[in-house]
2 protein chains.
Amino acid sequence: MATDRDTVLEAAVGVLSRRPTAHLDEIARAAGISRATLHRLFPGREALIREVGLLGLRRFAAALDTAGVEEGDAEPALRRLVDASVPDAMLCAFLAGENQLYDNDEINDLWELQIARLHALFLRGQQQGAFRIELSAAWLSEAFFDLVAGVGWAIQDGRLAPRDAAFSLAELFLGGALRRPEATGATAGHSTADPGTTDPLTSDRSTTDCRPDTDKP
Amino acid sequence: MATDRDTVLEAAVGVLSRRPTAHLDEIARAAGISRATLHRLFPGREALIREVGLLGLRRFAAALDTAGVEEGDAEPALRRLVDASVPDAMLCAFLAGENQLYDNDEINDLWELQIARLHALFLRGQQQGAFRIELSAAWLSEAFFDLVAGVGWAIQDGRLAPRDAAFSLAELFLGGALRRPEATGATAGHSTADPGTTDPLTSDRSTTDCRPDTDKP
DNA sequence: TTCATTTGAGACATTGATGTCTCAAAATTA
DNA sequence: TAATTTTGAGACATCAATGTCTCAAATGAA
């Protein structure tokens, strides 16, 4: 079934992201190939793991590219990044969980590079006044990636509908869990598909007052 | 050094949370004991892993208890939970990453129980009007735990100062990453209010000025 | 059809972690 | 001090996963 290298790697992620110690038998079975063929494609477990990691990093880097995180305002850039990275959330989950990759220089460098791009995005957003400055850009980067990974796990285990993923991630990360006093009825019902697609109506953004007096101690 | 079982388990977490495949030698060394003694305390790797998982779940359950998540308003309850769970964030990171524990009934039941309590907290918060209803309580539970785990990893690797952990977690999770326009006056930002360029779907950017930690020393 | 290539299934040796043992050194207690 | 207990270091045996092979079957091309 999956004779292509990347296809095999994606099947491997499905197993490895949840059980890093899975045997090669399992991985081969998940990919629909025999252990012999798996071994022909990737000479050994270590090579397989490394290639999965590299695939994940390539995909995340591609997501940063297609989102154009270096351009424009930070907030829409981050929303684009959400849309671009959610499809590969499972790869990111693998990256987040598999930390024994970090003794590999190639992976390490690539990883640092992407994290630096993410960090720069948040820093720019803070400088633009879009993101909060009480939270360090490093923490925002870290937390964002953790949530992308969380989305990957949740989708894989069926706890989160793929359709809701991008919306849930973007809204929680950007807006937080607290409900705000209504502005207009803006946050409409269910997001559905793709938050990136335009929705002509809500073009106005009414800012409203701060949270009212529902104050607490 | 660490002759107590729980002390050994905590040392084990320090290793296992980042490298689930660490050898028993490493774990023993990290705990400051010999492999023989480690084996006397825990008969086998499987037992050790299981006990670490149980310790993590017990600690998280204790955090839910001391925070009193079943009582009072949901938001302050969650803030209390943050404070109570951050000290054991590394244990939670282990729980989040080690998913091969889930074939153990005892652990599974305990896990489901705590997640149910978390879920109930968010559900109550939504009914009280404190938490957003566009995000499912299940997703909020999941994301919260992911961020707790993220805090654990970040602290362990020195990317987050322990002093900042509770604040960073609570503020990001509750308030989100977006800066809110100042309530009282002067707007500082430039691009925040640029109506033209921003993303359509845009949740309302209404806001609260999530005041920083109310409950912090 | 025939030939060439790839795949799958299994056998086999290797490797390395684990489980188990012993005994000397250290620690604790009387 | 002497006696008891605990610990550490190491030497094995065991066992499971991996790496490597062969060969028949399947696939695809000519």
Side-chain angles (χ1 to χ4, degrees), chain A residues 1-56 93-95 97-107, chain B residues 1-56 93-95 97-107:
Chain A
M1 284 301 172
T3 74
D4 191 49
R5 285 174 61 93
D6 278 14
T7 313
V8 172
L9 289 177
E10 293 200 48
V13 166
V15 180
L16 289 170
S17 68
R18 275 273 140 196
R19 186 131 43 86
T21 65
H23 308 321
L24 294 184
D25 292 320
E26 280 181 81
I27 299 172
R29 232 179 306 123
I33 61 178
S34 70
R35 196 164 69 92
T37 303
L38 178 65
H39 204 272
R40 282 179 193 115
L41 288 170
F42 306 97
R45 181 186 190 70
E46 192 180 354
L48 175 66
I49 301 285
R50 186 166 40 79
E51 296 257 13
V52 174
L54 281 173
L55 177 65
F94 173 81
L95 286 173
E98 197 75 2
N99 307 100
Q100 56 195 121
L101 298 170
Y102 292 22
D103 49 5
N104 179 314
D105 282 344
E106 185 181 5
I107 290 193
Chain B
M1 285 299 173
T3 74
D4 192 48
R5 287 173 60 93
D6 279 15
T7 314
V8 173
L9 289 178
E10 294 200 48
V13 166
V15 181
L16 288 171
S17 67
R18 276 273 142 199
R19 186 132 43 87
T21 65
H23 307 323
L24 294 183
D25 292 320
E26 280 181 81
I27 298 172
R29 233 181 304 122
I33 62 178
S34 69
R35 195 164 70 93
T37 302
L38 178 64
H39 204 272
R40 283 179 193 116
L41 288 170
F42 306 97
R45 181 189 188 74
E46 192 179 355
L48 175 65
I49 300 284
R50 186 165 39 81
E51 296 256 12
V52 174
L54 281 172
L55 177 65
F94 174 81
L95 285 173
E98 197 75 3
N99 306 101
Q100 56 194 120
L101 298 170
Y102 293 22
D103 49 6
N104 179 316
D105 282 345
E106 187 181 5
I107 290 193

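Labels below follow one simple rule: chain letters A, B, ... track the order of the sequence lines, proteins then strands, and each chain is numbered from 1. Computed over heavy atoms, backbone and side chain alike; hydrogens, waters and symmetry mates excluded.
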B/Glu26 atom CD is separated from C/dT18 atom P, nearest whole Å, by 9 Å
Which residues pass the side chain to side chain donor-acceptor pair (under 3.5 Å) test with B/Glu106, sequence neighbours left out? none
Please give the angle, rounded to 10 degrees, between the axes at the start and the end of the helix from C/dT1-D/dA30 to C/dA30-D/dT1, where five pairs define each axis. 30°
May I ask you to verify if any side-chain N or O of B/Thr37 is less than 4.0 angstrom from the OP1 or OP2 atom of D/dG8? yes
Could you check how far CD1 of A/Ile33 sits from C1' of C/dA9, rounded to whole Å? 14 Å
Between B/Leu95 and B/Gly56, which heavy-atom pair has the shortest distance, and what is it? CD1-C, 3.7 Å
Across all chains, not counting sequence neighbours, the side chain to side chain donor-acceptor pair (under 3.5 Å) partners of B/Glu26 are B/Arg19
Readout for nucleotides 19-29 of chain D: B = base within 4.0 Å of protein heavy atom, S = sugar-phosphate only, - = neither; 5' to 3' it is BB---------
Do you know the tightest heavy-atom contact between B/Ala22 and B/Leu16? CB-CD2, 4.4 Å
What side-chain donor-acceptor pairs closer than 3.5 Å can you find for residues 35-44 of chain A, not counting sequence neighbours?
unit_1: A/Arg35; atom_1: NE; unit_2: A/Asp25; atom_2: OD1; d: 3.3
unit_1: A/Thr37; atom_1: OG1; unit_2: A/Ser34; atom_2: OG; d: 3.2

What heavy-atom pair brings B/Ala31 and B/Ala11 nearest, and what distance separates the two atoms? CA-CB, 3.6 Å
Please tabulate, for the side chains in residues 48-55 of chain A, all donor-acceptor contacts under 3.5 angstrom to protein atoms that are two or more places apart in sequence or on a different chain.
unit_1: A/Glu51; atom_1: OE1; unit_2: A/Arg5; atom_2: NH2; d: 3.3
unit_1: A/Glu51; atom_1: OE2; unit_2: A/Arg5; atom_2: NH2; d: 2.8

